Engineer: 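The structure's right below; bear with me while I get my questions together.
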Protein chains: 2
Amino acid sequence: MSLPHAILTALLEKPSSGLELTRRFDRSIGYFWSATHQQIYRELGKLEADGLIRALPAEQPARGQKKSYEVLPAGRAELARWTAAPQDPKPHRDPLLLRLRAAAVVGTGGIEADLRRHRELHARQLAEYQEIERRDFPPERNAPEDRLRHLVLRAGIDLETFWTRWLDHALAEFEQLPGAESADAGSADAPPAESRHAEGA
Amino acid sequence: MSLPHAILTALLEKPSSGLELTRRFDRSIGYFWSATHQQIYRELGKLEADGLIRALPAEQPARGQKKSYEVLPAGRAELARWTAAPQDPKPHRDPLLLRLRAAAVVGTGGIEADLRRHRELHARQLAEYQEIERRDFPPERNAPEDRLRHLVLRAGIDLETFWTRWLDHALAEFEQLPGAESADAGSADAPPAESRHAEGA
DNA sequence: TAAACCATGTAACATGTTACATGATTTT
DNA sequence: AAAATCATGTAACATGTTACATGGTTTA
């Protein structure tokens with residue numbers, strides 16, 4: 001139940017149309033809550049039906065026409081309620097760690113190359129966040145209203161730093177692995193399938 | 001498309017029934033890929049229909065009867081393929097960061113108490129992982145087959161350490177916040193709803 | 001033998017993903 | 001006026017969640 005509240009937050013920051021929201025989800029908000037345009041349109045419909053937002057009465061309703069929404073008092077109240085309500089942390093889901101665990105059983109295959117690729121992607125994301133920090137939160141600018149936004153951005157920066165370093169560590173560990181190939185102990189049925197030709201980083 | 005591969009990995013480590021799998025997902029595997037028993041039974045049915053696993057012909061099929069599965073050669077091959085295939089990192093989704101961002105708009109409400117609670121939950125999880133590390137990976141035991149499994153556990157330990165520290169930082173930041181109350185700049189419609197009575201940590 | 005628990009499962013729904021459809025506006 | 005792009009939307013499906021149903025086994 002987070003997408004509607006992500007949309008309410010975005011609309012409170014600035015009333016927008018579906019496509020504008022989609023673009024903002026590709027940037028700031030999407031950094032910790034992504035959504036496609038189909039999800040957003042679907043959710044905008046529900047929020048409007050529930051009386052939490054309304055379409056700005058600017059112009060026409062036709063199909064190819066832009067339609068902007070703003071948050072109604074009931075929507076703001078719902079967002080405040082949700083923000084203050086306790087929530088348990090959801091268990092973390094990470095396909096890459098799952099693959100490493102699988103690699104311990106069926107062999108490492110070409111996974112090392114993908115680890116390197118992920119490392120680079122995280123490093124790039126880190127650079128992007130740091131650029132945003134330089135631009136939006138220079139040392140002078142330290143108003144209380146910005147503190148929370150900056151704190152959230154710091155989480156993004158710290159997380160990408162974390163993963164970059166962890167992947168460095170993992171790659172170092174791989175170099176110490178014997179032949180970097182099939183380490184098994186299980187029921188032994190099929191051949192390890194492909195294994196050579198790593199795709200470079 | 002990760003749940004079937006999580007199940008294949010678990011079954012290769014040790015053939016199991018649905019409930020046994022559920023229990024193992026509550027422990028080791030579930031630490032980075034959780035699943036409920038309904039998901040697991042549903043997926044076991046699909047994997048069997050696809051010829052990737054089969055029920056051990058031990059005994060009866062009746063309703064309240066235990067039914068164990070093992071991985072077939074095709075299943076092992078599929079897991080090896082999936083493990084080696086490149087995958088893009090999925091964008092990270094974090095409701096707590098979303099709530100902090102919302103708090104920047106509608107006010108902090110009682111969110112501080114929940115931050116403290118999350119901090120304690122992460123600290124507890126960290127302690128659990130460290131206990132597992134002590135038990136399963138003592139310094140003597142350093143066989144190559146264990147390296148990958150240990151690496152994955154380290155990720156869990158490092159992540160919980162990360163969040164514990166980050167939440168400490170966030171809470172320190174909160175103490176510097178003016179009245180620790182409603183910081184707004186937007187369309188101003190509704191009252192900030194509830195705000196007082198934090199629920200202690 | 002009733003209650004508690006073990007084990008597998010069904011059903012309904014919420015959320016997220018992928019592919020495609022359609023009208024309006026801008027560019028060539 | 002054809003092509004590209006903008007903007008909103010439908011449809012089908014995959015995955016995840018919540019509530020409940022059913023038969024068997026153990027324990028009070």
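In what follows, every heavy atom counts, from backbone to side chain, and hydrogens, waters and symmetry copies are set aside. Throughout, a chain's letter reflects where its sequence line sits, starting with A, and its residues are numbered from 1. Quantities reported herein were computed from a predicted structural model and do not represent experimental measurements.
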Engineer: Applying side-chain hydrogen bond (donor to acceptor under 3.5 Å, both in side chains), can you list everything that pairs with A:Arg99, at least two apart in sequence or on another chain?
Structural biologist: A:Asp114
Engineer: For B:Gln87 and C:dT17, give me the distance from atom CD to atom P, rounded to whole Å.
Structural biologist: 14 Å
Engineer: I'd like to know if A:Arg135 and A:Glu131 make a salt bridge, using a cut-off of under 4.0 Å between side-chain N and carboxylate O.
Structural biologist: no
Engineer: Charged N to carboxylate O below 4.0 Å: is that the case for B:Asp88 and A:Arg117?
Structural biologist: yes
Engineer: Using 30° and 60° as the class boundaries, would you call the ring planes of B:His92 and B:Trp163 parallel, tilted or perpendicular?
Structural biologist: parallel
Engineer: Is the phosphate of D:dG9, meaning OP1 or OP2, less than 4.0 Å from a side-chain N or O of A:Tyr41?
Structural biologist: no
Engineer: Quick one: which of C:dT15, C:dT8, D:dT17 gets closest to the side chain of A:Met1?
Structural biologist: C:dT15
Engineer: Do the rings of B:Phe137 and B:His150 sit parallel, tilted or perpendicular, given the 30° and 60° boundaries?
Structural biologist: parallel
Engineer: In residues 17-35 of chain B, which ones come under 4.0 Å of DNA chain D, going by heavy atoms?
Structural biologist: B:Trp33
Engineer: When you measure from the side chain of A:Gln38, which nucleotide among C:dT18, C:dG16, D:dT8 comes out closest?
Structural biologist: C:dT18
Engineer: Taking the nucleotide of DNA chain C with the nearest heavy atom to each, does A:His37 or A:Ser2 sit closer to the 5' end?
Structural biologist: A:Ser2
Engineer: Round to the nearest Å and state the distance from B:Ile40 atom CD1 to D:dT17 atom C1'.
Structural biologist: 14 Å
Engineer: Is the distance from OP1 or OP2 of D:dG16 to the nearest side-chain N or O of A:Arg93 less than 4.0 Å?
Structural biologist: yes
Engineer: What is the separation between atom CG on B:Leu3 and atom P on D:dC13, rounded to the nearest whole Å?
Structural biologist: 21 Å
Engineer: Report the distance from atom CZ of A:Arg42 to atom P of C:dC20, rounded to the nearest whole Å.
Structural biologist: 18 Å
Engineer: Angle class for the A:His122/A:His118 ring planes (parallel below 30°, perpendicular above 60°, tilted otherwise)?
Structural biologist: tilted
Engineer: Using OP1 and OP2 only, check whether a side-chain N or O of B:Lys67 sits under 4.0 Å from C:dG9.
Structural biologist: yes
Engineer: What is the distance, rounded to the nearest whole Å, between atom NZ of A:Lys90 and atom C1' of D:dT18?
Structural biologist: 11 Å
Engineer: Nearest-Å distance, CG (A:Leu56) to P (D:dT8)?
Structural biologist: 12 Å
Engineer: Output yes when B:Asp94 and A:Lys90 qualify as a salt bridge under the 4.0 Å nitrogen-oxygen rule, no when they do not.
Structural biologist: no
Engineer: Using atom NZ of B:Lys46 as one end and atom C1' of D:dC13 as the other, report the distance to the nearest whole Å.
Structural biologist: 10 Å
Engineer: Can you check the A:Gln39 CD to D:dA7 P distance for me, whole Å?
Structural biologist: 20 Å
